[in-house]
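Before any comments, here is the structure.
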Amino acid sequence: MPNTESFFYMKTNRILYSIILLSLLNVCKMNAVHDTMVLDVPWDNGTALSIKIDYEPMWKHVILEKADSSGVFVPLSVFFEGQTEYIDSDVLANAKQIYRISAYTSDRKDSLIVVKGGVATEQWFYMGKLSMLILLVLICTAIMYFISLARRGKALFIRRINGLDSMDEAVGRATEKGKPILFIPGIGDLDDIQTIASLSILSHLAQRSAEYNTDIIVPCKYSMVMSAAREVVKEAYLKVGKPDAYKEQNIFYLTDDQFGYVAGIDGIMLREQPAANFFMGSFFAESLILAETGFSTGAIQTAGTAQAHQLPFFIVSCDYTLIGEELFAASAYLSNDPQQIGSLKGHDFGKVMLIVLTIAGVIFEILGLHGFKNFFTVG
Amino acid sequence: MKRTIPLLITFIVGLIVISSEFIPHRPFSMINSTLENWYLSISGFAIVLGLLSLVQVNSSKVYHKAENWQYSLASLVSLVVIVIFGVLWGMEDQRGILGNGEAISAFIGKKPFDYLFDNGITPLSSTMFSLLAFFIASAAYRAFIIRSFESNLLMITAVIVILGRTSFGPMLTSWLPKSLSFLHLPNLTDFILTYPSSAAQRAILMSASLGIIGSSLRIIIGLERSYLGSDE
């Protein structure tokens with residue numbers, strides 16, 4: 001019969017030894033995962049944390065989990081072999097985030113769990129956008145410089161834009177035929193800069209149509225655009241001293257639906273047979289349907305958009321097309337205001353700068369110097 | 001005063017929005033989303049204006065029996081019917097004032113609003129969209145008529161891209177040896193789309209971006225005012 005006292009003594013000792021051994025083993029394992037850091041991603045809005053793990057190759061499966069609001073760990077990512085960093089871009093600023101890293105050997109016989117936390121804080125500057133800021137400042141300075149040059153009376157040369165020069169001709173033709181002009185301000189809402197640019201063109205066009213006593217029809221896709229367009233046309237009629245000729249019902253809302261809007265405009269084109277169609281602003285899949293219907297009615301067509309994918313359709317179906325930048329330059333061009341025309345020279349400076357930067361970028365890349373490209377990569 | 005206050009607001013808001021692009025700290029980081037919410041709220045009210053315009057323009061045409069007044073009547077009837085269906089029985093998961101209209105749903109398979117949307121508006125939109133195929137054919141015919149050196153180039157490029165994107169294209173050039181694989185139609189198509197076509201599109205995008213910067217600057221500093229209705 002074994003002595004009960006010595007049996008318990010031996011048992012307790014075994015447990016103690018086991019605990020000490022396990023602790024030692026865990027210390028070794030901790031050394032196997034050398035370092036785990038949860039760092040705030042610098043120069044951002046405090047919505048990203050970088051989880052860096054430096055681990056031995058023995059850990060074949062490394063799983064990253066994140067504690068949700070109730071403290072339950074949910075899987076975030078599985079590290080592939082050799083991966084040492086994961087950027088969690090879905091964190092709240094100034095709130096502590098807890099991560100759990102579970103590592104397993106390939107046979108899953110050994111495992112290790114590390115829990116770490118970190119806080120993402122907001123910074124006062126996006127360092128990744130430094131290059132963008134420098135370019136913006138340079139272009140804006142150039143524009144301001146050319147405006148001040150124009151203010152001082154220096155004559156600046158601006159190339160002719162046929163699409164804009166032909167506007168008066170189109171209005172004249174509509175007057176001769178006794179037909180209205182149709183102006184489509186695109187399918188963008190008022191928060192789209194292309195729509196704003198189109199309203200500036202509408203202002204000029206409405207003045208001409210008021211002078212020639214020609215109706216201008218403006219169907220709108222958004223109520224906000226309709227309100228702004230009404231104001232623009234009304235002011236244009238006031239400016240030429242013909243407020244009574246202004247017809248509010250000619251500037252109307254059609255529908256918010258893209259193809260419903262197209263169907264409505266096509267109907268207007270076929271029924272009213274406008275002598276001149278203007279498509280200015282943001283256009284998508286409807287561009288060709290509109291332009292081809294207009295083409296079939298025999299109207300003079302002028303289009304302008306910055307949507308590169310829609311430009312070929314307009315070029316094929318319209319008599320004149322304002323390509324990209326020309327749409328934004330139209331207002332300054334048509335105003336004949338030297339200061340505004342001066343600002344267009346600033347665009348030219350921007351173009352020269354972009355060409356130089358592109359060539360420099362190509363040369364640096366060929367030479368294997370990637371710092372230049374990296375500096376201009378917004379991240 | 002009528003011009004000064006809007007110009008001042010434009011100047012201040014413009015500067016704040018530009019700053020918010022480069023300052024990730026609050027309150028700047030919140031400004032864009034806040035302004036978008038304001039815009040959504042305002043445009044919500046503007047829908048009433050649109051609705052009023054729609055009713056006003058079309059009812060006037062019907063009342064005066066203007067030319068093609070029947071179309072206006074159809075628009076008004078459609079508007080009234082869909083609004084009534086939406087208000088009475090709701091749409092999708094939303095309840096109307098008379099509930100979900102289970103009896104009607106059992107008969108037609110879905111809520112009346114959804115039924116009209118799925119069987120009326122959606123097919124009509126799809127029809128308009130499908131017209132694009134025919135218009136592309138007529139536009140392509142005009143664009144590819146050989147008149148000059150440029151239109152010749154356009155024609156050749158278009159033929160290569162069209163063939164390269166069909167299953168017939170690879171068949172045509174599958175006999176080419178490996179050393180001439182760059183002439184294999186799908187490879188040639190990829191080359192055209194990846195290099196010359198992308199380069200041209202990026203040039204347009206870059207110049208448009210410059211135009212946007214210039215246009216925005218003119219608006220912010222108050223040089224460009226025609227969007228306000230007058231440039232005076």
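Per chain, numbering begins at 1; letters A, B, ... match sequence-line order.
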Between [X] and chain B, with a heavy-atom cut-off of 4.5 Å, which part of the residue counts as in contact: side chain, backbone, both or neither?
| X | answer |
| --- | --- |
| A:Leu202 | neither |
| A:Ile315 | neither |
| A:Ala228 | neither |
| A:Ile147 | side chain |
| A:Asp266 | side chain |
| A:Ile139 | side chain |
| A:Leu133 | both |
| A:Phe295 | side chain |
| A:Asp44 | backbone |
| A:Ser331 | both |
| A:His204 | neither |

Can you list the steps and then say if B:Ile18 with A:Leu136 is a side-chain contact (heavy atoms from CB on, under 4.5 Å)? CA-CA 10 Å; B:Ile18 291 174; A:Leu136 187 68; 4.1 Å; yes
Any side-chain heavy atom of [X] within less than 4.5 Å of one from [Y]?
| X | Y | result |
| --- | --- | --- |
| B:Leu217 | A:Met144 | yes |
| A:Phe328 | B:Ile212 | yes |
| B:Leu210 | A:Asp348 | no |
| A:Glu122 | B:Pro24 | no |

Among the listed options [options], the residue most often paired with chain B at heavy-atom distances under 4.5 Å:
| options | value |
| --- | --- |
| A:Ile201, A:Leu311, A:Leu190 | A:Leu190 |
| A:Asp337, A:Asp189, A:Leu130 | A:Asp189 |
| A:Ile193, A:Ile143, A:Leu288 | A:Leu288 |

B:Ser53: partners by side-chain contact (heavy atoms from CB on, under 4.5 Å), with sequence neighbours left out: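 For B:Ser53 the side-chain contact (heavy atoms from CB on, under 4.5 Å) partners, ignoring immediate neighbours, are A:Met226, A:Arg230, A:Phe252, A:Tyr253, B:Val57.
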Any residue of residues 112-131 of chain B which, by heavy atoms, sits under 4.5 Å from chain A: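 Counting heavy atoms that sit under 4.5 Å from chain A, the residues of residues 112-131 of chain B involved are B:Ser125, B:Met128, B:Phe129.
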Within residues 41-50 of chain B, which residues come under 4.5 Å of chain A, heavy atom to heavy atom?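 Listed by number, the contacting residues are B:Ile42, B:Ser43, B:Ala46, B:Ile47, B:Leu49, B:Gly50.
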Might you point out which heavy atoms bring B:Ser207 and A:Glu325 nearest each other, and give the distance in Å?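 Closest approach of B:Ser207 to A:Glu325: O-CB, 3.3 Å.
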Can you tell me how far [atom2] of [Y] sits from [atom1] of [X], rounded to the nearest 0.5 angstrom?
| X | Y | atom1 | atom2 | value |
| --- | --- | --- | --- | --- |
| A:His347 | B:Ser215 | NE2 | OG | 7.0 Å |
| B:Leu132 | A:Ser287 | CG | OG | 7.5 Å |
| B:Arg26 | A:Asn94 | CZ | CG | 5.5 Å |
| B:Arg225 | A:Ser203 | CZ | OG | 13.0 Å |
| B:Leu223 | A:Gln339 | CG | CD | 5.0 Å |

Below 4.5 Å from any heavy atom of chain A, which atoms of [X] appear? Answer side chain, backbone, both or neither.
| X | answer |
| --- | --- |
| B:Glu67 | neither |
| B:Leu52 | neither |
| B:Arg202 | neither |
| B:Ser29 | side chain |
| B:Leu35 | neither |
| B:Phe134 | neither |

Ring pair (Phe, Tyr, Trp, His ring centres under 6.0 Å) pairs touching residues 11-41 of chain B, sequence neighbours excluded, are A:Trp124-B:His25
Indicate yes or no: does B:Arg142 engage A:Glu292 in a salt bridge with an N to O separation below 4.0 Å. yes
Counting neighbours of [atom1] on [X] that are heavy atoms of other residues, nucleotides or ligands and sit closer than 6.0 Å, is the number greater than 12?
| X | atom1 | answer |
| --- | --- | --- |
| A:Lys345 | NZ | yes |
| B:Asp93 | CG | no |
| A:Met132 | CE | yes |
| A:Tyr145 | OH | no |

Looking only at the side chains, is there a donor atom on one of A:Gln249 and B:Ser60 sitting less than 3.5 Å from an acceptor on the other?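 Looking only at side-chain atoms, B:Ser60 and A:Gln249 do not form any donor-acceptor pair under 3.5 Å.
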Do the numbers put A:Arg271 on top of the ring of B:Tyr71, so that NZ or CZ is under 6.0 Å from the six-membered ring centre and no more than 45° off the axis?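 Yes, A:Arg271 and B:Tyr71 form such a contact.
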